[in-house]
Amino acid sequence: MNKKQVAEILDEIGTLLELKGENPFKARAYHNAARTISGLTKEIDVLITSGELATIKGIGEALTEKITELVAAGRLVYYEELKKSLPPGLVEMLGIPGLGPKRIKTLHDRLKISTIDELAAAAKEHRIASLDGFGEKIQLSILEGIEQLKKHAEAFLYPVARMEAEKIIVYLKKIGGIKRIEVAGSLRRKKEIIRDIDILVAARESDAPKIMQAFVNYGEVDTVLAHGETKSSVRLKSGIQADVRIVSEKEFPFALQYFTGSKEHNVAMRSLAKKADIRMNEYGLFRGESKKSILCKSEEEVFEKLKLQYIPPELRENLGEVDAAARRAIPQLVEEDDIRGTLHVHTIYSDGVNTMVQMSAAAQAKGWEYLGIADHSVSAAYAQGLTIDRVKKQWKEIDELNSIFKKFVLLKGSEVDILADGSLDYPDRILESFDYVVVSVHSKFKMTEKDMTARIIKGLKNKYATILGHPTGRLLLSREPYPVNMIDIVNAASDYGKAIEINSHPMRLDLDWRLCRYAKEKHVPIVITPDAHSLEGLDDIAYGVGIARKGWLEKKDVANTKRRKDFVTFLKGFR
DNA sequence: GCCGTTTTCGGCCCGACTGTTTTCAGTCG
């Protein structure tokens, strides 16, 4: 049993305890432990054997014992008993807006409701409205919630949410009275998947009602979920939820910090503030019993007043950033301007839509000094993978272009399939003549984790492999990653001296940011690549940089921040 | 169930909104 599975079970135990109406702090302890474990860089069995597990903050005697049982026996009696005591439909009901553990427990206790279908039936028969604490409106909202759950279960890719947010901001700015407006929440933290848009506005109290009215009247609004003077929520026609909060200009820095989250980060921040006898909320920092906030003009100052180094939004996931800020150990994160060039772009030779000339021009226009072509290898027939003859033709064309370019170079590369047996899709005599080789899996996804991991490691071990491409094969919101042990893969990359890409395509963003810190720890160079199939695709690099930042990566950790000469030398080091 | 320069028990982040109420509970972020 691996870390992820342990974390999932602990999280579920927390939820089950909530549904049972147990001590909420006990439930929280399980949720916290799940989070802590999924953020660990070492594998769980190693931590158990070494005894380190019990020393981790948030994991005490009882949890150590349960986790040990879970890993050793592959099952946990406590969890199985707990699960047996509740119908599975209750957990599902938590996905209905407005229904939390308390109401679900009441529905189950009083009406014997155990599934969403039974819930829908009870609502239609008006049996819910007469329950204590329930009423007509909640009954109706349950029915709507069930509909919504089915219709809007999906989340949204970062660029989709970003675009919707920017449209709202442009619209609201026209209203007047807005002094400041910024995106907060998971969008500001650059999460790969976004469930709602949070927008924060600074305005005079007298202007707030008209701004809120304008927001709920916005043309893209499908349903108004809440409409207050300082907070409103809507569901947009695209299905995504958007929230707007209005605060005073004075409160704005505190509110921006607060609404950027994450929730867990804020809990850590508040408890740190509390130790200094400072209460913090979205309206300010309050010393002791004082009703007057400490004055801060910017979010940076809020951190300063708490004696913390500024924490970039991307890091605010409660994965050690608050402690690091207190030790002034927040890294100087990589920025898009640090990128000097990239690898892994496709052209019309395979499944790209632009020529090498066009791609080169676009790269130079971005100020890049090098661009690595990586069309597909021969087995990728669906993508017009290149035969050896066509590879040679492409090399000739690259040489001709390079003879014209000044201060820019096209690099000869390939995205070579790792075949089912772990061998690479070109013979060594061809592989050795590329400047670099991206190796990736594009077929036979349904293997066991053990076989897939061995396959990828074998591919990576090839003398001529340079970079592992999109390591898990996931397509966010549409295809699950293939089963693969990523810790083993990162270890292998470290052992064999290979690099791993952060594929910047918004559906991939793979290597996952949660693994970047581990790769860094193991000194595995990261290359941020666009996997571009068109000119526009080159711009996706910005998403990859966001993920690198979430993964605590600095300029020195990302190979393609090197200048041209150094980067070419870096690639030669693989040969 | 966890934690402790307030340490073995008692607290564990805090506020807005909604719908149910007539002072509050539940949910959400």
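In what follows, chains carry the letters A, B, and so on, assigned in the order in which the sequence lines appear, proteins first and then strands, with residues in each chain numbered from 1.
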Open item on the list: Heavy atoms from C-beta onward define the side chain here; which of B/dC14, B/dA16, B/dC3 lies closest to that of A/Y283?
Closed with: B/dA16
Open item on the list: Can you measure A/I104 atom CD1 to B/dC28 atom C1' for me and round it to whole angstrom units?
Closed with: 14 Å
Open item on the list: Please report the distance, rounded to the nearest Å, between CD1 in A/I142 and P in B/dG26.
Closed with: 14 Å
TODO: Can you tell me the distance, in whole Å, between the NZ atom of A/K26 and the P atom of B/dG11?
DONE: 19 Å
- [ ] Select one nucleotide: of B/dG29, B/dG15, B/dC3, the one nearest the side-chain heavy atoms of A/E282.
- [x] B/dG15
Task: Length of the line joining A/Q241:CD and B/dC17:C1', which is rounded to integer Å - done: 13 Å
Task: Nucleotide nearest A/A62 when distance is taken to its side chain, options B/dC2, B/dA16, B/dC14 - done: B/dC2
Task: Integer-rounded Å distance: B/dT27 P and A/L107 CG - done: 10 Å
- [ ] Answer with base, sugar-phosphate or nothing: what part of the nucleic acid does A/K275 contact at a heavy-atom distance below 4.0 Å?
- [x] nothing
- [ ] Quick one: label A/K137 by what it contacts on the DNA or RNA (base, sugar-phosphate, nothing), any heavy atom closer than 4.0 Å.
- [x] sugar-phosphate
Open item on the list: Both A/I138 and A/E61 contact DNA chain B. Which one's nearest nucleotide lies toward the 5' end?
Closed with: A/E61
TODO: Verify the ring-centre separation between A/Y218 and A/Y171: is it less than 6.0 angstrom?
DONE: yes
Task: A/N503 CG to A/L511 CG distance, which is reported to the nearest 0.5 Å - done: 10.5 Å
Open item on the list: So for A/N23 and B/dG1, does any side-chain atom that can act as donor or acceptor lie under 3.5 Å from a complementary atom in the base?
Closed with: yes
Task: Watson-Crick/G-U partner (both atom distances under 3.5 Å) of B/dC28 - done: B/dG15
Open item on the list: Looking only at the side chain of A/R103 (C-beta and beyond, no hydrogens), which of the listed nucleotides B/dC14, B/dT20, B/dG26 gets closest?
Closed with: B/dG26
- [ ] Measure up the A/H265 and A/F303 rings against each other and bin them: parallel (under 30°), tilted (30 to 60°), perpendicular (over 60°).
- [x] tilted
- [ ] Identify whether any heavy atom of A/T230 sits under 4.0 Å from a base atom; if not, whether one sits that close to sugar-phosphate; answer base, sugar-phosphate or nothing.
- [x] sugar-phosphate
TODO: Give a yes or no on whether the backbone of A/T260 and the side-chain of A/R189 come within a donor-acceptor separation of less than 3.5 Å.
DONE: yes
TODO: Output, in order, the C-alpha distance, side-chain angles, deciding distance and verdict of salt bridge (charged side-chain N to carboxylate O under 4.0 Å, His left out) for A/D557 and A/K520.
DONE: CA-CA 7 Å; A/D557 303 315; A/K520 177 179 181 167; 3.2 Å; yes
Open item on the list: Distance criterion of 3.5 Å, no angle test: do you see the side chain of A/Y258 paired donor-to-acceptor with the base of B/dG29?
Closed with: yes
Task: Sugar-phosphate, base or nothing in reach of A/P101, heavy atoms under 4.0 Å - done: sugar-phosphate
